[in-house]
Amino acid sequence: MAKITASVYTSHVPAIGAAMDLGKTHEDYWKPLFAGYEYSKQWMKDNKPDVIFLVYNDHATAFSLDMIPTFAIGTAAEYLPADEGWGPRPVPKVIGHPELASHIAQSVIQQDFDLTIVNKMDVDHGLTVPLSLMCGEQDPKQGAWPCPVIPFAVNVVQYPVPSGQRCFALGQAIRKAVESYDDDLNVHIWGTGGMSHQLQGARAGLINREWDNEWLDKLINDPVACAAVPHIDYVREAGSEGIELVMWLIARGAMADVNGGKVTGALPTVKHRFYHVPASNTAVGHAILENA
């Protein structure tokens, strides 16, 4: 059967992609951030999965305010990098895994989660920046991402957005779906977005280092309590865009120690943890967990 062996968590700041695309990674401002992903790139080479299930949020690219699904799973064979207003990023197209994606959709919907099925869409920086950070720079004409990717878009842009509790439970349903797939596949699940940041209003530029790291501690060691954090705490402590962190709870809920909404097994092994501020006007968090 297929199995989730690891989860990856990372912010997906658009300026990080621009720094890579424009050759600025060695500038003094950016060097400390990219140094935090050197271990991750080697870990990715040493632990290359067969498929990545990548949880992210679309930034009014594939979806607009006219139609925003709460949870949308990509079931296409491929996805092109989106033009977000200044041309598509110079990265390879993303190859999907329609068979596994369709199986997960079937299973998760039968577990009473309503998903939107997306057979065609472009993917923006929310998905391509994490791939670049973990896999390194890729020549779109010659290179390719190391494995197929299943995009899973979550609405954290327009209220109402899903609760952390709902996302945590969804992660458990996704693991059950993966484990009921017949082929022997090594699957990674990634949660992206966050950490603390606010892009507009009187608190624009807000970053809360202490809260971010306490939340990450809780995500790793007490995910049940982390899932219970209410929306207002994210907005108050981590800024209006800090709500993106609920997407990390999908990946955490999919880990093997979580069953029935409780931690019943050994906590996952923390292979890497990194935190940096700022990247543009955002706090960047990153962790890699392997099932015990």
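Along the sequence shown, residues carry numbers from 1.
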- Message: A side-chain contact here means heavy atoms from C-beta on lying under 4.5 Å apart; do Ile189 and Val178 qualify?
- Response: no
- Below 4.0 angstrom, N of the basic side chain to O of the carboxylate: do Asp50 and Lys3 qualify? no
- Indicate yes or no: does Asp28 engage Lys31 in a salt bridge with an N to O separation below 4.0 Å. yes
- Query: Step by step, would you call Leu199 with Ser240 a side chain to side chain contact (heavy atoms under 4.5 Å, CB included)?
  - Reply: CA-CA 8 Å; Leu199 303 181; Ser240 54; 5.9 Å; no
- Identified ring pair (Phe, Tyr, Trp, His ring centres under 6.0 Å) counterpart of Trp43 within the set His188, His272, His286: His188
- Note on the structure: For Gln138 and Ala144 the tightest heavy-atom approach is OE1-O, 3.3 Å
- Item | Nearest heavy-atom neighbours spanning Ile207 and Ser196 | CA-OG, 3.5 Å
- Ring geometry between Trp248 and Trp215 (parallel below 30°, tilted from 30 to 60°, perpendicular above 60°): perpendicular
Please set out all donor-acceptor pairs under 3.5 angstrom arising from side-chain atoms of residues 148-160, sequence neighbours excluded.
from   : atom 1 : to     : atom 2 : distance (Å)
Asn155 : OD1    : Val157 : N      : 3.0
Asn155 : OD1    : Gln158 : N      : 3.1
Asn155 : ND2    : Gln158 : O      : 2.8
Asn155 : ND2    : Pro160 : O      : 3.4

- Message: Could you check whether Asn259 and Arg175, counting side-chain N and O atoms only, form a donor-acceptor pair closer than 3.5 Å?
- Response: yes
- Among side-chain atoms of Thr5 and Asn291, is any donor-acceptor pair under 3.5 angstrom? no
- Query: So which residues get pulled into Ile68's cluster when ILVMFWY side chains under 4.5 Å apart are joined, directly or through others?
  - Reply: Leu65
N/O donor-acceptor pairs under 3.5 Å from side chains in residues 91-102, not counting sequence neighbours:
from   : atom 1 : to     : atom 2 : distance (Å)
Lys93  : NZ     : Glu78  : OE1    : 2.8
His97  : ND1    : Leu100 : N      : 3.1
Ser102 : OG     : Pro98  : O      : 2.8

